[in-house]
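The structure appears right after this line, and notes come after that.
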Amino acid sequence: MEIENRLKLKDTRSKNAFKYGHLLKKMYPYFKTVMFRTVILVLLAIPLGLLDGVIAFSLRPYMDYVVNGNEMQVFEFQGYKLQLQAFLIRFIPIAIVFFALFQGVLRYLCDYLTEWTGNKMSNNLKIDLFKKLTSMDTKFFDINSSGIVLSRFFTDPDQASKTLISTLKTFILSIFELVALVIVLMINSWKLALIGVGVMAIAITPVAFIRKKIKAVSNATMVVGGDMTTNFNETFAGNRIVTAYNMQNSQNKKFENQIRTQFGLTMSLTKRVGWMSPIMYFICSIGIAIVMNYGNSLIISGEMTAGAFASFITSLLLLYKPTKTLGLTLTLLQNTFVAMARVFEIFELMPEIVSSKDAKPFKEIGSGIKFNNVNFEYEQNVPVLKNFSLSINKNETIALVGNSGGGKSTVVNLIPRFYDIKSGSITINNEDIRNFDIADLRNSISFVFQDNYLFTGTIKENILMGKPNASDDEIQEVLKLAHLDEFVDSLTDGINTIVGERGASLSGGQRQRVAIARAMIKNAPIVILDEATSALDNESEAVVQKALDNLINNKTVFVIAHRLSTIQNADRIAVINEGELAELGTHEELMAIQNGKYKHLYEMQFSTAGV
């Protein structure tokens with residue numbers, strides 16, 4: 001149960017969201033890949049942030065010498081005289097144009113580099129997260145919805161990296177805007193500057209009080225967003241069920257409730273973040289009022305010129321924007337750290353089923369496969385297999401039958417270690433399968449399921465998943481053995497025909513035969529057929545059965561089938577009832593047992609079928 005809770009992404013707590021140093025250290029390897037461009041971004045952001053200070057400072061001489069007509073200064077250089085007033089009248093309008101052009105170029109470069117570095121980091125994170133996803137055990141996928149997985153593996157990396165870079169840019173811009181404007185304030189009047197800067201410092205303090213609320217709302221929003229995505233996925237994939245059972249209204253209501261919940265969470269955060277802006281504005285207005293009142297006395301006393309005061313007020317007003325931006329940036333940055341914490345919580349997840357350090361290579365079956373007093377449970381204290389023992393010889397075909405939920409599929413899922421047993425052992429050649437290299441073990445097994453998953457791509461690409469380096473001759477051979485050759489030849493694009501998502505463009509029998517061809521080309525010594533023909537009509541089943549006969553030739557085979565007519569030719573039949581081996585023998589031997597479970601199943605099935 002502890003493992004299950006740890007693997008359940010919906011129960012995330014972002015426990016390290018406030019450990020900024022820890023998270024940045026974790027993020028450094030990804031940041032390192034974009035370090036050069038990030039440095040350039042910072043170097044460009046610095047002058048971009050300083051430009052507002054330059055513009056504010058230029059008002060002082062313009063107001064004093066041009067607007068107010070203060071005493072003009074004349075500069076001489078090698079016989080040339082330059083009147084400051086005339087220079088300012090001509091220079092400042094031209095300078096404004098060049099400043100705007102320079103600022104525009106810098107802003108474009110900063111925006112471009114922000115997008116490049118942010119997307120690069122996010123992509124690298126997503127690649128590593130995808131590798132983590134493919135390394136996880138089957139149990140991980142059992143307990144997590146597709147929506148939560150998509151949210152955690154795609155949305156969080158963007159928030160953790162793209163927003164981080166964007167926030168870094170905004171932070172650098174705001175800081176140097178503040179620095180430049182504070183310098184201008186100090187130059188014009190250090191007395192007024194102390195008042196103005198002190199008020200701005202007070203205005204930004206509310207940010208510290210909402211970080212925990214941001215974490216809680218961010219986590220809750222992630223869960224709701226994941227549920228919404230799951231709803232989309234289920235409605236799309238199960239569209240026929242939705243239509244057949246008139247589920248449109250219930251699906252719509254579910255989605256509406258999710259939308260309302262998300263809206264409530266968004267507005268909850270907005271209420272707590274939104275009040276910062278008016279409070280900051282109110283505090284800043286008090287500061288401006290104090291500055292204006294005190295500034296008047298400084299002008300009257302001659303300590304300050306009108307131009308210096310105009311430059312000061314302009315700088316103070318401009319100071320409000322980076323101060324507010326800095327507050328919102330720090331809020332957004334906390335959101336980023338929450339997402340970052342969630343990302344690295346995923347990296348901390350480790351698959352339970354891995355190869356041991358001294359794992360042995362798997363070579364061949366040899367003496368066969370044995371289940372020795374195996375106990376297994378999916379949920380704690382809910383046993384599925386109980387002291388289950390069974391021996392399977394090399395190249396033997398054994399059928400597993402029994403009531404639904406009895407443990408048949410569990411038995412075959414334990415052989416490739418989709419799950420690990422609770423106690424007992426499963427051996428091949430008298431060697432516990434946990435001692436084998438897990439990749440080797442799984443390479444020795446071919447699966448054909450009831451609903452075989454075909455990936456988006458061509459028939460050829462799906463077949464080659466069994467053996468990526470297979471030759472064209474090998475492909476043609478398995479097409480014949482899987483009874484796919486005539487069908488493929490009838491297609492315009494032949495083996496390069498696109499099968500669609502989940503093989504949607506093929507019939508059930510055609511999908512099964514592609515899956516059989518994929519299993520054949522792998523040529524694994526162990527074959528597991530889990531309800532491989534149960535969803536097919538009689539005609540399709542007959543063709544697929546011929547293909548299966550070719551697949552299992554000279555292989556050790558496990559067959560699970562509800563249709564008992566399909567397994568009569570198995571070497572032995574194992575009857576599994578409530579997780580225990582109830583009966584074992586050939587069809588004839590089991591039918592000879594009076595009041596036997598197999599006989600009861602067989603007679604009930606065929607009497608129902610009218611045989």
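As the structure is a prediction and not an experimental result, all values here were calculated from the model.
- For Arg417 (side chain) and Arg442 (main-chain N/O), no donor-acceptor pair under 3.5 Å exists by modelled atom type.
- Note: Arg260 CZ to Glu256 CD = 5.0 Å, rounded to the nearest 0.5 Å.
- Shortest non-hydrogen contact noted between Ala470 and Leu464 is CB-CD2, 3.8 Å.
- The distance from the OG1 atom of Thr138 to the CD atom of Glu352 is 12.5 Å, given to the nearest 0.5 Å.
- Partners of Glu486 under the salt bridge (Lys or Arg N to Asp or Glu O under 4.0 Å) rule, at least two apart in sequence or in another chain, do not exist in this structure.
- The pair Asp137-Lys139 fails the salt-bridge criterion, with no side-chain N (NZ, NE, NH1 or NH2) lying under 4.0 Å from an Asp/Glu carboxylate O.
- At most 12 heavy atoms of other shown residues, nucleotides or ligands fall within 6.0 angstrom of atom CD in Glu578.
- The shortest side-chain heavy-atom distance between Lys126 and Lys131 does not fall under the 4.5 Å cut-off.
- The pair Glu377-Lys422 meets the salt-bridge criterion, with a side-chain N (NZ, NE, NH1 or NH2) lying under 4.0 Å from an Asp/Glu carboxylate O.
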Report the C-alpha distance between Leu129 and Asp156 in whole Å, list the side-chain angles of each, state the deciding distance to 0.1 Å, and finish with yes or no for side chain to side chain contact (heavy atoms under 4.5 Å, CB included). CA-CA 11 Å; Leu129 282 172; Asp156 282 346; over 6 Å; no
Do Ser425 and Asp432 pass the side chain to side chain donor-acceptor pair (under 3.5 Å) test, and can you show the C-alpha distance, the side-chain angles, and the key distance before you say yes or no? CA-CA 6 Å; Ser425 66; Asp432 195 307; 4.7 Å; no
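- The 12-atom threshold is not exceeded at NZ of Lys120, counting heavy atoms of other residues, nucleotides or ligands nearer than 6.0 Å.
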Quick one, Asp158 with Thr155, criterion side chain to side chain contact (heavy atoms under 4.5 Å, CB included). Give me CA distance, side-chain angles, the key distance, then yes/no. CA-CA 5 Å; Asp158 283 341; Thr155 304; 5.9 Å; no
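- To the nearest 0.5 Å, the span separating OG on Ser446 from CD1 on Ile552 amounts to 12.5 Å.
- Between Tyr30 and Phe344, the angle of the ring planes lies from 30° to 60°, which puts this pair in the tilted group.
- Annotation: the span from Leu164 atom CG to Gln159 atom CD amounts to 10.0 Å, rounded to 0.5 Å.
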Might you work through the side chain to side chain donor-acceptor pair (under 3.5 Å) test for Tyr378 and Asp142, ending with a clear yes or no? CA-CA 10 Å; Tyr378 292 105; Asp142 290 342; over 6 Å; no
Lys522 and Asn443: CA distance, side-chain angles, deciding distance, side chain to side chain donor-acceptor pair (under 3.5 Å) verdict: CA-CA 8 Å; Lys522 189 176 183 181; Asn443 280 336; 4.8 Å; no
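- Scanning all heavy atoms of the two residues, the minimum distance from Ser355 to Ile438 falls at OG-N, 2.7 Å.
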Working for side chain to side chain contact (heavy atoms under 4.5 Å, CB included), residues Ile576 and Thr410: CA-CA 11 Å; Ile576 301 175; Thr410 299; over 6 Å; no
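- For the pair Trp116 and Val34, the minimum side-chain heavy-atom distance is below 4.5 Å.
- Inter-residue side-chain proximity for Phe436 and Ser444 is flagged as unmet; no heavy-atom pair is nearer than 4.5 Å.
- Proximity of Ile398 to Leu584: side-chain heavy atoms (C-beta onward) are separated by under 4.5 Å at one or more points.
- Tested against Asn523 for a side-chain hydrogen bond (donor to acceptor under 3.5 Å, both in side chains), the candidates Lys467, Glu474, Lys555 yield a single pass: Lys555.
- Closest heavy-atom contact between Ala574 and Leu581: CB-CD1, 3.7 Å.
- Under the 4.5 Å side-chain criterion, counting only non-hydrogen atoms from C-beta, Tyr598 is in contact with Met591.
- More than 12 heavy atoms of other residues, nucleotides or ligands shown are found within 6.0 angstrom of CZ on Phe141.
- Enclosure of atom NZ in Lys370 is not indicated, since only 12 or fewer non-hydrogen atoms of other residues, nucleotides or ligands lie within 6.0 angstrom.
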Trace of the side chain to side chain contact (heavy atoms under 4.5 Å, CB included) decision for Glu477 with Ile521: CA-CA 9 Å; Glu477 179 66 19; Ile521 208 163; over 6 Å; no
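- Side chains of Asn496 and Thr458: no donor on one and acceptor on the other come within 3.5 Å.
- No donor-acceptor distance shorter than 3.5 angstrom exists from the side chain of Asn393 to the backbone of Glu396, with no hydrogens or angles considered.
- Here the side chains of Asn375 and Pro383 are not in contact, with every heavy-atom distance at 4.5 Å or above.
- Tyr112 places none of its side-chain heavy atoms less than 4.5 Å from the side chain of Arg37.
- Judged by distance alone, the side chain of Arg511 and the main-chain N or O of Leu454 form no donor-acceptor pair under 3.5 Å.
- In this structure, CG in Asn119 is found 11.0 Å from CG in Asn124, a value given to the nearest 0.5 Å.
- With rounding to the nearest 0.5 Å, the separation of CG in Asn372 from OG in Ser423 is 11.5 Å.
- Of all heavy-atom pairs spanning Val527 and Leu529, the tightest one is CG1-CD2, 3.6 Å.
- In this structure, Lys599 places its NZ atom where more than 12 heavy-atom neighbours from other residues, nucleotides or ligands lie under 6.0 Å away.
- Between Ser166 and Thr114, the shortest heavy-atom distance links the atoms CA-CG2, 3.6 Å.
- A donor-acceptor contact shorter than 3.5 Å is absent between the side chain of Thr163 and the backbone of Ala160.
- Residues Phe371 and Phe376 place their aromatic rings such that the two centres sit no closer than 6.0 Å.
- Summarising the geometry of Phe447 relative to Val412, their closest heavy-atom pair is CZ-O, 4.0 Å, with the distance given to 0.1 Å.
- In this structure, the side chains of His587 and Tyr602 come closer than 4.5 Å at one or more pairs of heavy atoms.
- At least one donor-acceptor pair under 3.5 Å links the side chain of Ser161 to the backbone N or O of Ser122.
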